[in-house]
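Structure first, then comments.
In what follows, every chain begins at residue 1, and chains take the letters A, B, ... in the order their sequences are listed. From a predicted model like this one, the values you see are computed outputs, not experimental measurements.
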There are 2 protein chains.
Amino acid sequence: MATIYQVSERAGVSLATVSRVMNGNAKVSETTRNKVLAAMAELNYRPNSIAQSLASNCSNSVGMLVSEVHGPFFGEMMSGVENELRTAGKHVIIAAGHSDEASEKEAIEFLISRKCDALILHVDAVTDQYLIDLNERTPVVIINRTIPGLEDHCICLNNELGGYQATKALLDMNHRQIAYISGPLWKHDARERFEGHKRALSEFGLPLDEALCVQGDFHEEGGARAMETLLASAKPFTAVACANDEMACGAMNCARDHKLDIPADVSVMGFDNVIMSRYTFPHLTTIDYPAGEMGRMAACWVRRQIYQDKQVKVRQLFEPSLVLRDSVRQL
Amino acid sequence: MATIYQVSERAGVSLATVSRVMNGNAKVSETTRNKVLAAMAELNYRPNSIAQSLASNCSNSVGMLVSEVHGPFFGEMMSGVENELRTAGKHVIIAAGHSDEASEKEAIEFLISRKCDALILHVDAVTDQYLIDLNERTPVVIINRTIPGLEDHCICLNNELGGYQATKALLDMNHRQIAYISGPLWKHDARERFEGHKRALSEFGLPLDEALCVQGDFHEEGGARAMETLLASAKPFTAVACANDEMACGAMNCARDHKLDIPADVSVMGFDNVIMSRYTFPHLTTIDYPAGEMGRMAACWVRRQIYQDKQVKVRQLFEPSLVLRDSVRQL
DNA sequence: AACATTCATGAAAGCGCTTACATTTTTATC
DNA sequence: GATAAAAATGTAAGCGCTTTCATGAATGTT
């Protein structure tokens, strides 16, 4: 592997000059630039990115922490990040936090030890204060969470609005007895979505019926279990809004096991518009969460704020939107 | 950030000694080791991994190339890799190849420029020879493809066997008119699965009916289109084996649009046992592809062969297995 | 006690770049 | 053509580690 020194020798110039033509940040005469370029080509020179990083104190890498590397949701997000960052010549180091505080912190330390220039985080378990302190150590951009004092580092979906839209859609289709399967309420997004649900109800002058609200776990099993609970309670309902698509699937399966037809007997609303929701039967009516685009924006944030690429525009707030499919019917 | 120099100063020893206690590869007396450890702790010292990489010529990073970062299949695989590698203190750089030759090559060059110690590749578009040459430049482990001459670098699923199992299962349930929706036949895995299908048929003394074989694209749309073609051809069939789950979903949707009940009117067999297959209606009977485990094994290969961790065992050949659910019925 | 071994440590030369500063060359100005 | 200013290039000091080789201390041997 050729080094910058051999290039400089061959081109008959100094190291510094070669470095200059590589980085294009200082004037080099047309003649010498061509000599250098020619030497590079002849030697098939590739700069050693590690040496560059050490000398420039910039690793050109950004860490990304997600709850789980698998899972449709994060796939889209990582895909958006990878795409955007690679076109900028940066690379993504992936780590999983498993929604567990110790594990999230450990993953973050790992990424820091890797000298990432910035961290893109989708974390649940860690506190706001931790993130604020972390940001002092290394720049951070946070997806799907608003941290007071760090607002300009957050790429968010209006979860409350999504929760509202979901229940509003049900209400607009004349449902009045609407059950709700929430996510784990210690997660802010779960709470926000639930808030939206309540707002929609109250807008229609309906009280929140505690007996129709059950907490799930954002997974299929939890959705099924929650549905079981709802069905057992004997409280009648015509529709159930779920805080994510996986739980909606669980709920649908459970309902089917009880010989209920969807949507004839009960309508089901999801949230996230995960790929899978197009494959369920019936196809799930849900709220779109633009995860890929939000990932991309997190990457844009990094390009702009860390790599000083002021060309790229960043959008921080995203709006969910209703996706009508077949699991909800008009009453 | 403290450097090794400051640690050595504080501990009253030389740089070399500090380096020795860090790496544990040379004898250091208990006394000095403790002094150094203490100094490290006091200074909250973290070695600079970039400097380590430059000096040791080992980046501790491994590149992983998948077709798409999203997609359930690759999520599992990346998850397996990430897990295994992180416990070994290495990191994963992710890139997407989009099943396109130019794009795959570009991604590989990108990973190489990042000085990855090894590359884990899931590629379709690139030739065997390219991979053989590539392996001379940088160690490569290949998932889901057998390269002649590079067999010991391959982590494979017996796709032919999977194809066989799928059709055999259908035959065992007394289906005799079995349609087949293949993947794009320029992909080896698609070809292999198809071969398995043929073997099962011939084992039962059945001829391959060309009119019942149609080529799909491994995506939902292609599955739907293929089913449309099959239905239009007016050739009767009682079951359809699909080369992956996504196409099976497309086929099921198409069948449903034609008022056919699954599995009463037509049985559908998938392949891959992607997460989604548990959410479809009816739940898809399919062939399990242990993608997560195979990813993990690729990582183990790297640990063993590249990082010389002879503790870890590597398994290179994986067997698919039948997952019985609800989309296939006994005749 | 003299010598050979072994063990622990230190000195210093890289690894392949970037960049501040110094020097030389070119261009502009009168 | 002399001088100043600007532009191009070179010199060399890092960046924070690893590792070879040399040195000195401790131990063993007779």
Side-chain angles (χ1 to χ4, degrees), chain A residues 1-40 43-61 89-90 112-117 138 307-308, chain B residues 1-40 43-61 89-90 112-117 138 307-308:
Chain A
M1 204 75 248
T3 74
I4 197 176
Y5 179 73
Q6 297 165 36
V7 173
S8 76
E9 218 174 14
R10 177 147 199 149
V13 299
S14 72
L15 294 191
T17 303
V18 177
S19 176
R20 286 185 188 107
V21 348
M22 276 178 19
N23 299 302
N25 49 14
K27 306 249 144 308
V28 177
S29 76
E30 199 54 29
T31 339
T32 52
R33 148 168 293 113
N34 287 336
K35 274 192 300 186
V36 170
L37 257 21
M40 284 177 165
L43 295 170
N44 190 27
Y45 170 73
R46 308 263 172 243
N48 180 321
S49 66
I50 306 250
Q52 287 179 315
S53 295
L54 183 60
S56 65
N57 195 30
C58 165
S59 68
N60 288 308
S61 72
K90 313 301 176 187
I112 290 179
S113 81
R114 251 49 213 192
K115 296 279 161 188
C116 294
D117 297 328
T138 193
Y307 297 120
Q308 311 302 333
Chain B
M1 201 75 247
T3 72
I4 197 177
Y5 180 73
Q6 297 165 36
V7 174
S8 77
E9 217 174 15
R10 179 149 198 150
V13 299
S14 72
L15 293 192
T17 303
V18 177
S19 176
R20 286 184 188 107
V21 346
M22 277 179 16
N23 299 303
N25 48 15
K27 308 247 145 305
V28 177
S29 78
E30 200 53 31
T31 340
T32 50
R33 148 168 294 112
N34 287 334
K35 276 193 299 187
V36 171
L37 258 19
M40 283 177 167
L43 294 170
N44 190 28
Y45 170 73
R46 308 264 172 241
N48 179 320
S49 65
I50 305 249
Q52 288 179 315
S53 295
L54 182 61
S56 65
N57 194 30
C58 166
S59 68
N60 289 307
S61 71
K90 314 300 177 186
I112 290 178
S113 81
R114 251 50 213 191
K115 296 278 161 188
C116 294
D117 297 328
T138 195
Y307 298 120
Q308 310 301 334

Practice item. Return the value, rounded to whole Å, for the distance between atom CG of A:Leu54 and atom P of C:dC15. Key: 14 Å
Practice item. Give the rounded distance in Å between these two atoms: CD1 of A:Ile50 and C1' of C:dC17. Key: 12 Å
Study note, to complete from the structure: The reported gap from CE in A:Met1 to CG in A:Leu43 (rounded to nearest 0.5 angstrom) is 9.5 Å
Exercise for review: With rounding to the nearest 0.5 Å, note down the distance linking OG1 in B:Thr17 to CZ in B:Arg33.
Suggested key: 11.0 Å
Exercise for review: Begin from the C-alpha positions of A:Ser113 and B:Ser49 and carry the test side chain to side chain contact (heavy atoms under 4.5 Å, CB included) through to its verdict.
Suggested key: CA-CA 7 Å; A:Ser113 81; B:Ser49 65; 5.7 Å; no
Practice item. Compare every heavy atom of B:Tyr45 with every heavy atom of B:Ala2, then report the nearest pair and how far apart it is. Key: O-CD1, 3.4 Å
Review point. With respect to the phosphate group of C:dT18, does any side-chain polar atom (N or O) of A:Gln52 fall under 4.0 Å of OP1 or OP2?
Key: yes
**Study point:** Distance in angstrom units between B:Ile4 CD1 and C:dA12 P, rounded
**Key:** 17 Å
Check your understanding: What string of B, S and - do you get for nucleotides 7-13 of chain D 5' to 3' if you count protein non-hydrogen atoms under 4.0 Å?
Key -> -SBBB--
Review point. Atom OH of A:Tyr45 to atom C1' of C:dG16: distance rounded to whole Å?
Key: 7 Å
Point to revise | Minimum heavy-atom distance between A:Asn60 and A:Asp117, given as atom pair plus value | key: N-OD2, 2.6 Å
Revision key, fill the gap. B:Leu43 CG to D:dG16 C1', in whole Å, measures 15 Å
Exercise for review: Would you kindly say whether B:Asn48 and B:Arg46 are connected by a side-chain donor-acceptor distance under 3.5 Å?
Suggested key: no
Check your understanding: Can you tell me if the side-chain N/O atoms of A:Asn23 get under 4.0 Å from OP1 or OP2 in C:dT18?
Key -> yes
Exercise for review: Look at all strands and tell whether A:Asn57 reaches a base, only sugar-phosphate, or nothing, counting heavy atoms closer than 4.0 Å.
Suggested key: nothing
Check your understanding: Is the side chain of A:Ser59 donor-acceptor paired with the backbone N or O of A:Ser53 at a distance under 3.5 Å, no angle test?
Key -> no
Check your understanding: Does a nitrogen or oxygen in the side chain of A:Ser19 sit under 4.0 Å from OP1 or OP2 of C:dT18?
Key -> yes
Check your understanding: OP1 or OP2 of C:dA11 sitting under 4.0 Å from any side-chain N/O of B:Tyr5?
Key -> no
Review point. Rounded to whole angstroms, how far apart are CG on B:Asn60 and C1' on D:dT18?
Key: 13 Å
Exercise for review: Round to a whole Å and report the spacing from CE of A:Met40 to C1' of C:dG16.
Suggested key: 13 Å
